[in-house]
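Owing to the predicted nature of the structure, the values given are computational and were not obtained by experimental measurement.
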Amino acid sequence: MSQQIPKNYDHAAVEDRWYAEWERAGVFEADPDPDKEPYCIVMPPPNVTGALHMGHALNGSIQDALTRRARMKGYEALWLPGLDHASIALQNVVERNLMRDEGKSRFDVGREDFVERCRDFADESRSQILGQLKRLGASVDWRRLRYTMDERYVDAVLTAFVDLFNEGLIYRENRITNWCPHDRSAISDLEVNYEDVDGKLYALRYPLVDGLGPGPDGKDYAQVFSTRPETMLGDTALVVNPHDGRYTDLVGRRVLVPFVDREIEVLADDYVDPSFGTGVLKVTPAHDPNDFEIGQRLGLASVNVLNPDGTVSENGGPFAGLDRVEARSAVAARLDDDGLLGEVRDYRHRVGHCDRCGAVIEPWLSEQWWCSMRELAEPAIKALENGEITVYPDSWRRETIRWLENIHDWNVSRQLWWGHRIPVWYGPDGEVIASKESPGEGWEQDADILDTWFSSGLWPFATLGWPEEGEDLVYFYPTTLLSTAREIMYLWVARMIMMGLRFREGVPFGKVNVHSIVLAEDGTKMSKSKGNTINPLDLFDQYGTDAVRFGLLYQSSTQDFAYSYERAEMGRAFVTKLWNATRFVLSYPEAEEPGDPSPADRWILSEFNRTVRDYDAFLEECEFSEAMRRIYSFAWNQFADWYIEIAKATPSTATPRVLREVFSGILRLLHPVMPFATEEMASIMGEEGLLATQRFPEYDPALEDEDADGLLDRTKRAVSAVRSFRAESKVEGGLEGVLPDGIDEGVFAALAGVKPVETPDGASRASLPAGDLVVEILLSEEMRRGEIERLRREISHAEKEVKRSEGKLANEKFVQNAPEKVVAGEREKLDVNAGMLETLRRRLDEYL
RNA sequence: GGGCGAUUAGCUCAGGGGUAGAGCGCCUCCCUUACAAGGAGGAGGUCGCUGGUUCGAACCCAGCAUCGCCCACCA
């Protein structure tokens, strides 16, 4: 029969077929069932901006493994799939395409048309992503696919906003925000990337114009250092530190802001650091957050000198219309012409860039909608502190608490087009209300949309039907676990916790798994611009999806890791190994009269049982790498390397049953990780029904068998000792020998190729150390060559061991302080090695 | 400027108070009827540096060095 099964597993031929089969059988569908416990993972929704990347493949592998395992354990397991409209991200992609293909900006086509294009792009991207998830083998309940722009989801978003608004937690205020001139929108603090940039520090001179004579150092101007001379146009004061003796006389005097002919006053404020620059600071309340605060304190006016697109506004006098970058050099040049430019230094400093489009961010005064966070953060902090949410690894729990403790109010409005329109309406008589629908004739809706993270913050419950208090929500919420990348812990995870506690009076998930970031092979971040991305689909094609999944989980830990193709190769080799084991097990004859298990049978059952225990525990704790190592080494190094060999050589009448049982167990354990290949193997094995619906093995203490474990452990060591001897001494063929006590003689004889003999008289023999055992092999004349050298090596090794043990035991403090178990262990080691040494020396004497 | 993490075999990485682990790569032998994407046997690490705690440190603590990440309003 095995002849009909090809020697290699062909992933391409089976993966799609099994996925269709699972779907047809409704394996992935989950519905509230009072007789079962719920297990629910809500998928972090991929952005509908394009294809899935390695991070998705890793997180998908994690979530799928956990969901499939839970399903096999008898939970009503739901993995809920979804997609995110990705407001700013998608808008940027569509804008770029529009510019590339038609040379138009979004303003050229208008809001309505542009949103239509975004929708089309999202649709296309959506089908691509769903196809990829299927290739991954994602066991999601497709009936429940959610999208943040679905009608029902939009309703949830609006409901949440209106509620927060009516509770006074959302308010409108004029403040400094991070303004992206390219997107012409405010963005949140978290979406600003600061990079070190080589810039310049310009010394700007403000002429004293109050006619009171020279200022500091006898100069007729006050000098200030700035990296952004163009903001000078919006200056409304200069400030010095009140304790700065150099400038006591300067305070209260008046200077002129060049070009705009504005006289401003020199004031004092503690914020100023006397040691920086000249110790005089220019205050531009509309373009710097610190300046804004100073302005508030000192009651200064704010003059906004930039248009939304980053050009200088009409407030900028002669520079109006110039882009901010042009304006910078233009202002500097004009100052220079007028003798008002001092030193210009090279200066490396941090500049904020838009996370999405890369444009330099301008602090810009504008009216935005803000969400008060303090009140929302408090319960979230408590939940994290008191362990309502377990985070793997725990360090991220503490980090999140820290972030929540220092939280700032959240700017939730965006001046973008693709997203949820803010449900605030302005009435004909100046009324402002929040409402899901238009309050009526003459009311106008706010033009802004919501930050994309506002909608995703509701994800764990809005996907389950909230605000409707349906069966699904009651049954599956709170969800069991959220698995996510660290980079969105604050952006997303923290907000879900806050929103969950706000709207559901309970944490959204009991556990959070923070997975690694998959780096490129060279250890740097993957990025399209660097061209070092790896497409998971290509890997699936090349190695098979299961192999890639195994490899990813094997590498997954709390550390980021450089992706290594070797891990996929390892996974592929593992699949092949199991595939061939399938062929072997399948071809293995049934027992004519099944009987009692041999020690070897009991050993592999015992070993399997421990594997179940450890593997399951590792998965439970999200220690995927450890789990993979455990199952891999059992399946390969114990089951295949030893038990199958034993089954070939010295089967018992129970071996056919045990062999099949353990192998079937291995397939079940591995199914959550390698669903396609294991399903195919189980099918070939003739197992009834789908593997995906079968029970996950459970640890059974009754199967622990210390006697069999000890026996086989010693036997394996003895066999290995003989094999080493054969390889080193280049001995082939059968051997005779004296067997040590406490080993399985049948197994030993068969696997070591050693025929047991009674005490041989006078024959030369080799003593082979095997841990605490000695195997004695009868030597023929020609085999004796090299034996002296081997013995000397062994003796030297044994001497070292004895010396080490003796030294340790001679140390009184060790004997006194070390645990008794350790001391006793050391004594035993000494005994064994001393005995060994004696035997070896005696043997050597015989040869000399 | 703060905080977090990393530094272990040639490479990619696990582990973690009681004589160092995996995969790949390397060396020797083997196409033996589950499997050459394989089998058997090997070689190869003073676990970044310096101190400390301990009977015992690769592991705990402190400092340092290098790398990475996160947070922060210094012009």
**Student:** Please measure how far the C1' atom in B/rC64 lies from the corresponding atom in B/rC55, and state the result in whole Å.
**Tutor:** 29 Å
**Student:** Students often get this wrong, so: under 4.0 angstrom with heavy atoms, is A/A581 touching a base, only sugar-phosphate, or nothing?
**Tutor:**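 Base contact.
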**Student:** What nucleic acid atoms does A/Y271 come within less than 4.0 Å of, heavy atoms only: base, sugar-phosphate, or nothing?
**Tutor:**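 Base contact.
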**Student:** Looking across every strand, which nucleic acid part, if any, lies under 4.0 Å from A/R402 by heavy atom: base, sugar-phosphate, or nothing?
**Tutor:** sugar-phosphate
**Student:** Measure CD/A/E826 against P/B/rG56 and give the value in whole Å, please.
**Tutor:** 15 Å
**Student:** For A/R630, answer base if it contacts any base atom (sugar-phosphate contacts may also be present), sugar-phosphate if it contacts only those atoms, and nothing otherwise; contact means non-hydrogen atoms under 4.0 Å.
**Tutor:**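 Here A/R630 touches no strand at all.
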**Student:** Could you verify whether a donor N or O on one side chain and an acceptor N or O on the other, from A/R629 and A/S625, lie under 3.5 Å apart?
**Tutor:**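 On atom types as modelled, these side chains qualify, holding a pair under 3.5 Å.
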**Student:** Using 30° and 60° as the class boundaries, would you call the ring planes of A/Y632 and A/Y554 parallel, tilted or perpendicular?
**Tutor:** perpendicular
**Student:** Side chain of A/R723, base of B/rG41: donor and acceptor closer than 3.5 Å?
**Tutor:**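 Looking at the base of B/rG41, it does not pair with any donor or acceptor on the side chain of A/R723 (distance under 3.5 Å).
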**Student:** A/W579 and ring pair (Phe, Tyr, Trp, His ring centres under 6.0 Å): which partner among A/F663, A/Y9, A/F584, A/F676?
**Tutor:** A/Y9
**Student:** Under 3.5 Å, is there any donor-acceptor pair linking the side chain of A/K577 to the base of B/rA37?
**Tutor:** no
**Student:** Any side-chain N or O of A/N817 less than 4.0 Å from the OP1 or OP2 oxygen of B/rC55?
**Tutor:**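 It does, given that an N or O in the side chain of A/N817 lies less than 4.0 Å from OP1 or OP2 of B/rC55.
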**Student:** So, are A/E789 and A/R793 salt-bridged, with charged N and O less than 4.0 Å apart?
**Tutor:**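 Judged by the 4.0 Å cut-off on N to carboxylate O distance, A/E789 and A/R793 do form a salt bridge.
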**Student:** Which part of the nucleic acid, if any, lies within contact of A/Y347, taking any heavy atom under 4.0 Å across all strands shown: a base, the sugar-phosphate backbone alone, or nothing?
**Tutor:**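 Contact class for A/Y347: sugar-phosphate only.
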**Student:** Is it the case that B/rG23 (base atoms only) and A/E566 (side chain only) share a donor and an acceptor within less than 3.5 Å, ignoring hydrogens and angles?
**Tutor:** yes
**Student:** Nearest-Å distance, CG (A/L578) to C1' (B/rC35)?
**Tutor:** 11 Å
**Student:** B/rA58 and B/rA14: how far apart are their C1' atoms, nearest whole angstrom?
**Tutor:**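 About 14 Å, rounded to a whole number of Å.
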**Student:** Looking only at side-chain atoms of A/Q559, point me to the closest of B/rG5, B/rG41, B/rU12.
**Tutor:** B/rG5
**Student:** Is the shortest side-chain N to carboxylate O distance from A/R804 to A/E826 below 4.0 Å?
**Tutor:** yes
**Student:** Looking at A/E728 and A/R790, is any side-chain nitrogen of the basic one under 4.0 Å from a carboxylate oxygen of the acidic one?
**Tutor:**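 No, no charged N to carboxylate O under 4.0 Å.
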**Student:** Mind checking A/E626 for me? I need base, sugar-phosphate or nothing, with any heavy atom below 4.0 Å counting as a touch.
**Tutor:** sugar-phosphate
**Student:** What is the separation between atom CH2 on A/W636 and atom C1' on B/rG38, rounded to the nearest whole Å?
**Tutor:**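 After rounding, the reported distance stands at 8 Å.
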**Student:** Write down the distance separating the C1' atoms in B/rG42 and B/rA34, rounded off to the nearest Å.
**Tutor:** 26 Å
**Student:** Provide, to the nearest angstrom, the distance between the CZ atom belonging to A/R726 and the C1' atom belonging to B/rG41.
**Tutor:**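 For the pair A/R726 CZ and B/rG41 C1', the rounded distance is 12 Å.
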**Student:** Using a 4.0 Å heavy-atom cut-off, does A/E405 contact any base of the nucleic acid, only the sugar-phosphate backbone, or nothing at all?
**Tutor:**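 Nothing, no heavy atom under 4.0 Å.
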**Student:** Using a cut-off of 6.0 Å, state whether more than 12 heavy atoms not belonging to A/K530 lie near its atom NZ.
**Tutor:**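 For A/K530, atom NZ is crowded (more than 12 foreign heavy atoms under 6.0 Å).
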**Student:** Please state the C1' separation for the pair B/rU12 and B/rC49 - nearest whole angstrom.
**Tutor:**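 Here B/rU12 and B/rC49 have their C1' atoms 24 Å from each other.
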**Student:** Relative to the 5' end of RNA chain B, which residue comes earlier, A/F225 or A/S724, by the nucleotide with the nearest heavy atom?
**Tutor:**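 With A/F225 and A/S724 compared, the 5'-side residue is A/S724.
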**Student:** Are A/S587 and B/rU33 close enough that a side-chain N or O sits under 4.0 Å from OP1 or OP2?
**Tutor:**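 No, because none of the side-chain N or O atoms of A/S587 sits under 4.0 Å from OP1 or OP2 of B/rU33.
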**Student:** Can we say A/R717 and A/D772 salt-bridge, meaning some charged N sits less than 4.0 Å from an Asp/Glu carboxylate O?
**Tutor:** yes
**Student:** For a quick check of understanding: with a heavy-atom distance under 4.0 Å over all strands, which category does A/K7 fall into, base, sugar-phosphate or nothing?
**Tutor:** sugar-phosphate
**Student:** Is A/D394 paired with A/R398 through a side-chain N to carboxylate O contact shorter than 4.0 Å?
**Tutor:**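 Judged by the 4.0 Å cut-off on N to carboxylate O distance, A/R398 and A/D394 do form a salt bridge.
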**Student:** What is the distance from CG of A/N178 to P of B/rC73, rounded to the nearest Å?
**Tutor:** 9 Å
**Student:** Considering only the P atoms, how many Å lie between B/rA57 and B/rU66, rounded to the nearest integer?
**Tutor:** 28 Å
**Student:** Heavy atoms only: give me the nearest A/C622-A/Y392 pair and the separation to one decimal.
**Tutor:**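 Minimum heavy-atom contact is SG-CD1, 3.8 Å.
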**Student:** Picking from B/rC35, B/rG23, B/rC13, which would you name as closest to the side chain of A/R629?
**Tutor:** B/rC13
**Student:** Rounded at 0.5 Å granularity, tell me how far CD in A/Q555 sits from OG in A/S557.
**Tutor:** 8.5 Å
**Student:** Does A/K808 make a side-chain N or O approach to OP1 or OP2 of B/rG18 shorter than 4.0 Å?
**Tutor:**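 False: A/K808 side-chain N/O out of range (4.0 Å or more) of B/rG18 OP1/OP2.
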**Student:** If the plane angle is over 60° it's perpendicular, under 30° parallel, otherwise tilted; pick one for A/W636 and A/F574.
**Tutor:** parallel
**Student:** Could you tell me the separation between the CD atom of A/E806 and the P atom of B/rU19, rounded to a whole number of Å?
**Tutor:** 18 Å
**Student:** Determine the interatomic distance between P on B/rC67 and the same-named atom on B/rC24; round to the nearest Å.
**Tutor:**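 Taking atom P in both B/rC67 and B/rC24, they lie 33 Å apart.
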**Student:** Tell me what A/K282 touches on the nucleic acid: a base, only sugar-phosphate, or nothing, going by heavy atoms under 4.0 Å.
**Tutor:** nothing
**Student:** Using the P atom as the reference point in each nucleotide, state the distance between B/rG63 and B/rC27 in Å, no decimals.
**Tutor:**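 Rounded to whole Å, the distance is 46 Å.
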**Student:** Measure from the side-chain heavy atoms of A/Q555 and tell me the nearest of B/rU12, B/rC55, B/rC73.
**Tutor:**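 From the listed options, B/rU12 comes nearest.
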**Student:** Could you tell me the separation between the CD1 atom of A/I361 and the C1' atom of B/rC73, rounded to a whole number of Å?
**Tutor:**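 After rounding, the reported distance stands at 15 Å.
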**Student:** A/S557 near the nucleic acid: base, sugar-phosphate alone, or nothing, with a heavy-atom cut-off under 4.0 Å?
**Tutor:** sugar-phosphate
**Student:** So A/P819, base contact, sugar-phosphate only, or nothing? Heavy-atom distance under 4.0 Å.
**Tutor:** base
**Student:** Does OP1 or OP2 of B/rU19 have a side-chain N or O of A/K829 closer than 4.0 Å?
**Tutor:**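 Yes, A/K829 has a side-chain N/O under 4.0 Å of OP1/OP2 on B/rU19.
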**Student:** What's the gap between B/rG25 and B/rC11 when it is taken at their C1' atoms, as a whole Å value?
**Tutor:**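 It works out to 7 Å between them.
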**Student:** Between the base of B/rU12 and the side chain of A/E521, is there a donor-acceptor distance below 3.5 Å?
**Tutor:**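 Absent.
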**Student:** Across the strands shown, which category fits A/E399 at heavy-atom distances under 4.0 angstrom: base, sugar-phosphate, nothing?
**Tutor:** sugar-phosphate
**Student:** More 5' along RNA chain B: A/V719 or A/I644, using each one's nearest nucleotide?
**Tutor:** A/I644
**Student:** For B/rG18, does OP1 or OP2 lie under 4.0 Å from any side-chain N or O of A/K821?
**Tutor:**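 So the side-chain polar atoms of A/K821 never come under 4.0 Å of the phosphate oxygens OP1 or OP2 of B/rG18.
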**Student:** If pairs are Watson-Crick or G-U with both distances under 3.5 Å, what is the dot-bracket string of RNA chain B, marking crossing pairs with [ ] and pairs to another strand with |?
**Tutor:** (((((((..((((....[..)))).(((((.......))))).....(((((..]....))))))))))))....
**Student:** Under 4.0 Å, heavy atoms only, any strand: does A/N811 hit a base, just the sugar-phosphate, or nothing?
**Tutor:** sugar-phosphate
**Student:** Looking at every strand, decide which applies to A/D641 at a 4.0 Å heavy-atom threshold: base, sugar-phosphate, or nothing.
**Tutor:**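 Here A/D641 touches the backbone only, sparing every base.
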**Student:** Of the listed nucleotides (B/rU12, B/rC71, B/rA34), which one gets closest to any side-chain atom of A/L190?
**Tutor:** B/rC71
**Student:** Send over the distance from A/F292 CZ to B/rC74 C1', rounded to a whole Å.
**Tutor:** 19 Å
